[in-house]
There are 2 protein chains.
Amino acid sequence: MTSTEPTQPESQPRPTRQRLAVAKALDSFEGFRSAQQIHALLTESGEQVGLATVYRSLQRMAEADEVDTLRTEEGEVTYRRCSDSHHHHLVCRSCGATVEIEGPTVERWTEKVSREHGFSDVSHTLEIFGTCATCAR
Amino acid sequence: MTSTEPTQPESQPRPTRQRLAVAKALDSFEGFRSAQQIHALLTESGEQVGLATVYRSLQRMAEADEVDTLRTEEGEVTYRRCSDSHHHHLVCRSCGATVEIEGPTVERWTEKVSREHGFSDVSHTLEIFGTCATCAR
DNA sequence: GTAAGTGCAAACGGTTTGCAGCCTC
DNA sequence: GAGGCTGCAAACCGTTTGCACTTAC
């Protein structure tokens with residue numbers, strides 16, 4: 001398998017009202033939201049979009065690397081627009097408060113370790129869970 | 001005064017045939033397996049245990065910190081007995097080959113970062129994905 | 001004897017899919 | 001006008017739960 005093969009012909013999706021609405025919704029918040037939450041946001045703001053369509057749009061965008069996806073502890077897939085820099089999450093087990101973390105340490109380490117094992121084209125996911133200061137006292 | 005338990009009394013689970021079978025199954029492999037895989041293992045080896053019972057047993061053991069749990073990309077929860085040392089996985093996207101990785105670097109980094117943000121009692125999950133040497137050529 | 005544990009099947013919750021009609025190009 | 005896109009509802013899949021029965025203590 002050479003690197004001359006991108007992925008698929010993948011034609012541009014059509015800019016329908018629904019698709020634009022989902023894209024706009026993604027711009028309206030930071031961090032990760034589930035498909036259902038995004039669907040709720042749309043409904044609230046008066047945009048009628050079917051849940052299935054929200055899922056399909058998000059999937060498309062994920063495949064096109066336009067959004068990052070993350071699976072929660074509960075099994076829901078969450079999405080965010082991935083223009084911003086790569087980072088990780090520090091999540092409070094008790095109240096759910098989330099801090100975005102970034103640091104070259106882990107990036108370098110994963111890169112080094114993967115290369116040592118002959119892996120290429122690597123990515124990684126890292127989540128840190130704990131009890132935040134507020135919940136601890 | 002005998003004792004005032006602040007936490008749950010949490011009685012010991014009864015050592016039933018089914019529970020012992022699940023425990024034994026967990027000892028028969030390394031790494032993570034899903035509840036369904038474990039149920040299949042049991043069935044294969046002639047132990048009849050209901051799927052629901054497998055789930056209930058694993059949940060119990062997870063609560064008692066006897067097993068580690070990990071959610072796969074596909075949304076399945078996987079389990080392993082957690083006697084062995086903490087480590088991470090380097091997984092090939094193409095063929096699924098998995099290398100177990102460990103290193104103090106990340107452990108220390110997550111520890112440090114969490115403390116800086118006032119978090120305590122922290123744990124973390126880290127998965128690295130890439131293309132292995134065999135699949136890359 | 002009795003309360004915890006089990007099996008079965010139905011319920012659940014998030015996600016995917018088949019299909020008829022709609023809308024871009 | 002053709003094929004992608006949408007909405008709806010049904011299907012899916014892993015997991016949980018209600019309930020009557022069994023079993024360890």
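Residue numbers begin at 1 in each chain, while the letters A, B, ... track the order of the sequences. What you see is a predicted model; the values in this text were computed from it and never measured.
An OP1 or OP2 oxygen of D:dT16 is reached within less than 4.0 angstrom by a side-chain nitrogen or oxygen of B:Gln59. For B:Gln18, no side-chain nitrogen or oxygen approaches OP1 or OP2 of D:dT23 to under 4.0 Å.
Clustering of Ile, Leu, Val, Met, Phe, Trp and Tyr by side-chain heavy atoms under 4.5 Å joins B:Phe32 with B:Leu70. Its side chain within the 4.5 Å cluster rule, B:Ile101 clusters with A:Leu90, A:Val99, A:Ile101, A:Val106, A:Trp109, A:Val113, A:Phe119, A:Val122, A:Leu126, A:Ile128, B:Leu90, B:Val99, B:Val106, B:Trp109, B:Val113, B:Phe119, B:Val122, B:Leu126, B:Ile128 among the Ile, Leu, Val, Met, Phe, Trp and Tyr residues.
Atoms CZ (A:Arg60) and C1' (D:dC5) sit 9 Å apart, rounded to a whole Å. C:dT17 atom C1' lies 13 Å from atom CG of A:Leu51, rounded to whole Å. Put simply, CZ on A:Arg71 is 12 Å from P on C:dG14, counting in whole angstrom units. Atom CD in B:Gln48 sits roughly 13 Å away from atom P in D:dT23 (whole-Å rounding).
The CZ atom of A:Arg80 lies 14.0 Å from the CG atom of A:Leu58; values are rounded to the nearest 0.5 Å. Atom OG1 in B:Thr72 sits 12.5 Å away from atom NE2 in B:His89 (nearest 0.5 Å). Rounded to the nearest 0.5 angstrom, B:Ile38 CD1 and B:Thr78 OG1 are separated by 8.5 Å. Between A:Glu74 atom CD and B:Arg71 atom CZ the span is 7.5 Å, to the nearest 0.5 Å.
The stretch residues 112-130 of chain B participates, sequence neighbours left out, in these salt bridge (charged side-chain N to carboxylate O under 4.0 Å, His left out) pairs: A:Arg93-B:Asp121, B:Glu111-B:Arg115, B:Lys112-B:Glu116. A salt bridge (charged side-chain N to carboxylate O under 4.0 Å, His left out) check over residues 39-52 of chain A, counting only residues at least two apart or in different chains, returns the pairs A:Arg17-A:Glu47.
The side-chain heavy atoms of B:Gln37 and B:Glu76, taken from C-beta on, include no pair separated by under 4.5 Å.
Comparing A:Ser57 and B:Ala35 by the nucleotide of DNA chain D that holds the closest heavy atom to each, the one mapping nearer the 5' end is A:Ser57.
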What does the B/S/- profile of nucleotides 19-25 of chain C look like, 5' to 3', with a 4.0 Å heavy-atom cutoff to protein? -----BS
For each nucleotide in nucleotides 9-14 of chain D, reading 5' to 3', give B when a protein heavy atom comes within less than 4.0 Å of its base, S when such contact involves only the sugar-phosphate, and - otherwise. -----S
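For the helix from C:dG1-D:dC25 to C:dC25-D:dG1, the terminal axes (five pairs an end, C1' atoms, rotation from four pairs onto the next four) enclose an angle of 30°, given to 10 degrees.
Of the residues in residues 37-47 of chain A, not one comes within less than 4.0 Å of DNA chain D through any heavy atom.
Residues passing the side chain to side chain donor-acceptor pair (under 3.5 Å) test with B:Gln36 are B:Tyr55, sequence neighbours excluded. Looking at residues two or more places apart in sequence or on another chain, you find no ring pair (Phe, Tyr, Trp, His ring centres under 6.0 Å) involving B:His39. With sequence neighbours excluded, no residue satisfies ring pair (Phe, Tyr, Trp, His ring centres under 6.0 Å) with A:Phe129.
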Please tabulate, one pair per line, all N/O donor-acceptor pairs under 3.5 Å involving side-chain atoms of residues 19-29 of chain B, not counting sequence neighbours.
{"unit_1": "B:Asp27", "atom_1": "OD1", "unit_2": "B:Arg81", "atom_2": "NE", "d": "3.2"}
{"unit_1": "B:Ser28", "atom_1": "OG", "unit_2": "B:Ala25", "atom_2": "O", "d": "2.6"}

